[in-house]
Amino acid sequence: MPELPEVETVRRSLEPRLLGAVIRDVSASVDNLRLPVNVDTLRRFCCGRRICALRRRAKFLVVVFDNGAGLILHLGMTGAFRIVPESTPYTVHERVAWTLSGGRSWRFADVRRFGSVRPTHFPDAGGDPPELAHLGIEPLAPAFDGAHLYRLSRGRRRPIKNLIMDQTMVVGVGNIYASEALFRAGIHPARPAGRVGRASASRLATAIREVLEEAIAAGGTTLRDFRDPDGSEGMFQVHLAVYGRQAGDCPRCGMAAGIRRVVMAGRSSFYCRGCQR
DNA sequence: ATATTCCCCTGGAAGC
DNA sequence: TGCTTCCAGGGGAATA
C-alpha cells in the first residue's frame, strides 16, 4: 500500500545512503516485474554512474545519475528496498540488486511483482522524465489548494473519491488516504465530483495535505507489507479514523457503528454515514 | 472525451 | 485437515 507518505519515507531513508554512490554492477532474478526487466539495458544505463539525486514524483522514486540518465522506480504493492553488505545472501523475493561502491548492495524486493524498474533519460535537469509527463499536481505543492481542486472537479460526474485517486488529476493519494481525507473533510466518497462546492473543495484540499503530512511524519502506514529501508514499520495506522474500521463508532460524530465499508471502482471505501455528506 | 473494467502477481485469511 | 476462494490495490491498457 505505498502511497505518497510511504514513498517519501523510503526516499528520505535512502537518500543519504545513495547520494554520491557509484554503481558497479546490476543483477536481476526475474525478467519482468510489472514491466519487463532487461538486465543488459540496466547494466548499460547504470554501470559506472554516480547517483546525484533521489527524488519523489507522485508514488515514483526517481534516481538521477551524473550523465542525464536515471531510473524510475515504483514500489507497486509490496516493494521494499534495503542496503546491505555485498556478501549478504539474497532473500527469495529480492528481484533486482545494484552493487555500489564501498562493498554495498542495494536490493529491491517485491513479493507480488507489481513494482517496476525503468531506465530513463531526463530531457532537462530538474525536470520529469517523459514517462511521468501524464501525472497531475503534487498535493504538497503550494499551487494545490481548494481553488485548484474545485477547477479539476468541474463538470465531472465520477465520485470525488475516484477523482482524488486519479493520478492524472492529483498524485500520491491512494485508497487509504483518500478515505481518510474525505472523512476529515466531511464529504461522502460517492458524491459526484462536480457537486463538490468551493467550501468543500477547500476543506478537502486541506484535508489531503494534512493527512499526507501527518503520515509522512509518522513514517507512513503499515497494514501488511510496508517497511522502510531499515525494516521498520510506519506508525500512522494507529491514527486512521475510518480505513479498515467498518462497523466502528465514528471518532467525530460518535455515531455507533457509523463507519461503513462500500466498494467503489473495485476498492474498499470507508466513511461515516453520520457525518459525511 | 470521460470513466469504468480488466489484468498483472502472490500470500494470508476466510470459507467449506 | 486440506482444498478453494477471496481479498489486498497501483498503474495502465482496453473497453464502454
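Each chain gets a letter, A, B and so on, in the order its sequence line appears, and its residues count up from 1.
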When you look at CE of A:M255, are more than 12 heavy atoms from neighbouring residues, nucleotides or ligands closer to it than 6.0 Å? yes
Quick one: are A:R17 and A:P229 in side-chain contact, heavy atoms under 4.5 Å? yes
A:R57 CZ to C:dG11 C1': how many Å, rounded? 15 Å
What is the distance, to the nearest angstrom, from the CZ atom on A:F270 to the C1' atom on C:dA8? 11 Å
Judged by nearest nucleotide, the residue sitting upstream toward the 5' end of DNA chain C, A:L35 or A:S268, is A:S268
Please report, rounded to the nearest Å, how far the P atom of C:dG11 is from the CG atom of A:L132. 10 Å
Rounded distance in Å - CZ (A:R118) to P (C:dG11): 10 Å
Dump the pairs, protein N or O against N or O of nucleotides 1-5 of chain B, anything under 3.5 Å, distances to one decimal.
{"from": "B:dA3", "atom 1": "OP1", "to": "A:R157", "atom 2": "N", "distance (Å)": "3.2"}
{"from": "B:dA3", "atom 1": "OP2", "to": "A:R156", "atom 2": "NH1", "distance (Å)": "3.2"}

Footprint string (nucleotides 6-11 of chain B, 5' to 3'): B base within contact, S backbone only, - free, heavy atoms under 4.0 Å: --BBBS
Integer-rounded Å distance: C:dA13 P and A:E131 CD: 12 Å
Regarding A:R50 and the six-membered ring of A:F65, is the cationic atom NZ or CZ under 6.0 Å from the ring centre and inside 45° of its axis? no
For A:R260, what residues pass the side chain to side chain contact (heavy atoms under 4.5 Å, CB included) criterion, not counting sequence neighbours? A:Y271, A:R273
Kindly say if A:H134 contacts the phosphate of C:dG12, meaning a side-chain N or O under 4.0 Å from OP1 or OP2. yes
Whole-Å gap separating P (B:dA13) and CG (A:L223): 14 Å
Test side chain to side chain donor-acceptor pair (under 3.5 Å) on A:R261 and A:S268; report intermediate values, then the result. CA-CA 6 Å; A:R261 171 184 178 273; A:S268 290; 2.8 Å; yes
Between A:F236 and A:Y177, what is the ring plane arrangement, given parallel below 30°, perpendicular above 60°, and tilted in between? tilted
Choose from C:dA8, C:dG11, C:dG10 the nucleotide whose nearest atom is closest to any side-chain atom of A:N175. C:dG10
Stepwise side chain to side chain donor-acceptor pair (under 3.5 Å) test for A:S232 and A:D230: CA-CA 5 Å; A:S232 310; A:D230 295 316; 5.1 Å; no
With five pairs defining each end axis, the helix from B:dT2-C:dA16 to B:dC16-C:dG2 comes out bent, to 10°, by 60°
On the 0 to 90° scale, with breaks at 30° and 60°, tag the A:H121-A:F45 ring pair as parallel, tilted or perpendicular. tilted
Residue set satisfying ring-ring contact (aromatic ring centres under 6.0 Å, His included) with A:F108, at least two apart, ordered chain then number -> A:F81
Atom pair distance, as rounded to whole Å: NZ in A:K59 and C1' in C:dG11: 9 Å
Under 4.0 angstrom between A:R261 side-chain N/O and C:dA8 OP1 or OP2: yes
Donor-acceptor pair, A:T206 side chain versus A:S202 backbone, under 3.5 Å? yes
Can you tell me if CZ on A:R55 sees more than 12 non-hydrogen neighbours from other groups inside 6.0 Å? yes
Whole Å only: how far is the CD1 atom of A:I176 from the P atom of C:dA8? 11 Å
Going by salt bridge (charged side-chain N to carboxylate O under 4.0 Å, His left out), name the residues that satisfy it together with A:R184, two or more places apart in sequence or in a different chain. A:E214
